[in-house]
2 protein chains.
Amino acid sequence: MSSPATQPDFGSARPGGRTARTRAAVRDATLAELAAHGYRGLTVDGVAERSGVHRTTVYRRWGGVDGLVVDALDLAGEDGWQPPDTGGFAGDCRALAAEVHRSFADPAQGAASAAVVAASFQSPRAAEALRGFYADRNARSEVIVSRAVDRGELPAGTDAAAVVRAVVAPLFHRLFITREPLDAGVAEQAAEAAVAAALAGVFQLPSGA
Amino acid sequence: MSSPATQPDFGSARPGGRTARTRAAVRDATLAELAAHGYRGLTVDGVAERSGVHRTTVYRRWGGVDGLVVDALDLAGEDGWQPPDTGGFAGDCRALAAEVHRSFADPAQGAASAAVVAASFQSPRAAEALRGFYADRNARSEVIVSRAVDRGELPAGTDAAAVVRAVVAPLFHRLFITREPLDAGVAEQAAEAAVAAALAGVFQLPSGA
DNA sequence: ATACTAATGCAACTTGAGTCGCATTAAGGA
DNA sequence: TCCTTAATGCGACTCAAGTTGCATTAGTAT
């Protein structure tokens, strides 16, 4: 079991050449293995062999498969992502939905994204990392709503998190619960539904903010 | 590995007393273990010990932990469930969302429901079983929309599956993606949003049906 | 009752994930 | 350049999951 094991600790006293090379090799191997075999086929031995790093080293620094995924997710969270800005609320929501759609449609990126969700059911560490990742994404997305309020498109006091959730939730539901195929039309419909609900004032926060 | 193993096969040539007792004991033990330790703590050995059935028997008839979950899910799907009927479209949607909320809030049932989702990431068999389960639930829920159309509350040609998805998807999103707590207000908001979007005609099917 | 055989019990075996103690390599400072 | 020591490599070990061959139990038919 890897639960009480060391978290990936990369602020150590010796962040020099070899350590950095090892981490990069393992990270690349993790993404490659994920794209090749999915999360179910992700093993420490596979990553170790592909990266040329010894099994023991991977266990020591990453703790197990969940640590590999968490590390990959942490890296993904540091990409400086910003929500789309199309100049209008409906356009922003459509673009956001389309972005989620594309990120899961891409073979490599989609496999990695789905892997993180799968990992979150196996490991509390992965679940916490995923929660943090989406909390950050949500916080960044709030500007879509605040811009819309500034333009007068939405009433003040609209719950930005609820709007974002309404846009993306149907896509995740198809992907992971009913496992139906995803197409651009589905993404657009989800965005339109969220826009209609927001315009109707459904996402108003309880007390006026 | 349990992938190519025997599916739970309960139509055999000898469905007599002992076989039925074994299945019942294992099913009860599965649900109890799920409630006690969650899906991550569900093991064949644990179920075997609790049920008094030998390990080997469980492996032979269920194939592994995924088979146990699939069997439990198959049973859950045969409960003759019908969607709520409150006399109005909005009320039906709210009641549906509340029902989903309750099913995950209940400790035992919630653990089992979450376990099935977790299992679907581990096993193709569980994923297929989950897909079938929700396809059936969705089909049964369509009557909510058709009744609303008959009453003149909704335009004809409204995509019932899309409506149901819009109602429940935000709840699943909170439960499994962002792992935020769920309360009755969230369920109601999701229902209201779906209603507003449906009334606005967002879920119209492309060609007139 | 008795015989037949499917279903179960049992124990030994295989396999792969994860751990541990110790040897070796290489980064960073003197 | 040399010394110290973190980081890695290496092999053996533990442990739990899953499998297999054979013995035993208990439905079912005659």
Side-chain angles (χ1 to χ4, degrees), chain A residues 1-27 29-30 33 37 39-71 118-119 122-126, chain B residues 1-27 29-30 33 37 39-71 119 122-123 125-126:
Chain A
M1 208 55 66
S2 54
S3 305
T6 323
Q7 294 92 322
D9 175 15
F10 304 110
S12 317
R14 188 174 288 189
R18 185 164 64 161
T19 298
R21 279 198 305 277
T22 299
R23 184 187 184 189
V26 168
R27 172 173 51 83
T30 298
E33 288 282 304
H37 313 298
Y39 178 71
R40 285 185 59 217
L42 184 70
T43 67
V44 170
D45 286 338
V47 170
E49 188 175 4
R50 186 188 283 259
S51 65
V53 172
H54 197 85
R55 296 164 20 90
T56 313
T57 299
V58 178
Y59 276 113
R60 274 197 282 245
R61 284 189 41 190
W62 283 268
V65 285
D66 56 345
L68 293 170
V69 172
V70 168
D71 190 29
Q122 293 278 311
S123 145
R125 284 174 57 203
Chain B
M1 206 57 66
S2 55
S3 306
T6 322
Q7 294 92 323
D9 175 14
F10 303 109
S12 316
R14 186 173 289 189
R18 185 163 65 162
T19 299
R21 278 198 304 278
T22 300
R23 185 187 183 187
V26 168
R27 170 173 53 81
T30 299
E33 287 284 303
H37 313 298
Y39 177 71
R40 286 184 61 219
L42 184 69
T43 67
V44 170
D45 285 337
V47 170
E49 188 175 2
R50 186 188 283 259
S51 66
V53 172
H54 198 85
R55 300 165 14 92
T56 313
T57 298
V58 177
Y59 276 114
R60 274 197 282 246
R61 284 190 41 190
W62 283 269
V65 284
D66 56 345
L68 293 171
V69 172
V70 169
D71 191 29
Q122 292 278 310
S123 145
R125 284 174 58 202

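The model shown is predicted, which means the values in this text are computed figures rather than measured ones. Within every chain, numbering begins at 1; the chains are lettered A, B, ... in the order of the sequence lines, protein sequences first and strands thereafter.
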Could you please name the option among [options] that lies closest to any side-chain atom of [X]?
| X | options | result |
| --- | --- | --- |
| R21(B) | dG9(D), dT20(D), dG27(D) | dG27(D) |
| R61(B) | dA7(C), dA17(C), dA17(D) | dA7(C) |
| V44(A) | dG18(C), dT8(C), dA17(C) | dG18(C) |
| R60(B) | dA7(C), dG18(D), dG21(D) | dG21(D) |

Can you name the nearest heavy-atom pair linking [X] to [Y], along with the distance?
| X | Y | result |
| --- | --- | --- |
| V70(A) | A126(A) | CG2-CA, 3.6 Å |
| L68(B) | W62(B) | CD2-CG, 3.7 Å |
| S123(A) | D66(A) | OG-OD2, 3.2 Å |

Below the 4.0 Å mark, does [N] have OP1 or OP2 next to a side-chain nitrogen or oxygen of [X]?
| X | N | value |
| --- | --- | --- |
| T57(B) | dG9(C) | yes |
| Y59(A) | dT19(C) | no |
| T19(A) | dA6(D) | no |
| T43(B) | dA16(D) | no |

DNA chain D contacts made by residues 48-56 of chain A, counting heavy atoms under 4.0 Å =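 When residues 48-56 of chain A is checked for heavy atoms under 4.0 Å from DNA chain D, the hits, listed by number, are G52(A), V53(A), H54(A), T56(A).
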
Between atom [atom1] in [X] and atom [atom2] in [N], what is the gap in whole Å?
| X | N | atom1 | atom2 | answer |
| --- | --- | --- | --- | --- |
| L42(B) | dA16(D) | CG | P | 17 Å |
| W62(A) | dT19(C) | CH2 | C1' | 18 Å |
| D45(A) | dC10(D) | CG | C1' | 14 Å |

task = Return the set of residues passing salt bridge (Lys or Arg N to Asp or Glu O under 4.0 Å) with R27(B) (not counting sequence neighbours), or none when no residue passes.
result =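 Scan of R27(B) (salt bridge (Lys or Arg N to Asp or Glu O under 4.0 Å), adjacent residues dropped) gives none.
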
Main-chain N/O of [Y] paired with [X] side-chain donor or acceptor, under 3.5 Å:
| X | Y | value |
| --- | --- | --- |
| S51(B) | V47(B) | yes |
| T57(B) | V53(B) | no |
| R55(A) | D45(A) | no |

inquiry  = Using the rule given for side-chain contact (heavy atoms from CB on, under 4.5 Å), can you reason through T30(A) versus V26(A), listing the C-alpha separation, both sets of side-chain angles and the distance that settles it, and then say yes or no?
reply    = CA-CA 6 Å; T30(A) 298; V26(A) 168; 4.1 Å; yes

Bend angle of the helix from dA1(C)-dT30(D) to dA27(C)-dT4(D), from helix axes over five pairs at each end, nearest 10° =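 The helix from dA1(C)-dT30(D) to dA27(C)-dT4(D) shows an end-to-end axis angle of 30°.
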
query = With the threshold set at 4.0 Å, does a side-chain nitrogen-carboxylate oxygen contact exist between R61(A) and D71(A)?
reply =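 Result for this pair is no, no salt bridge flagged.
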
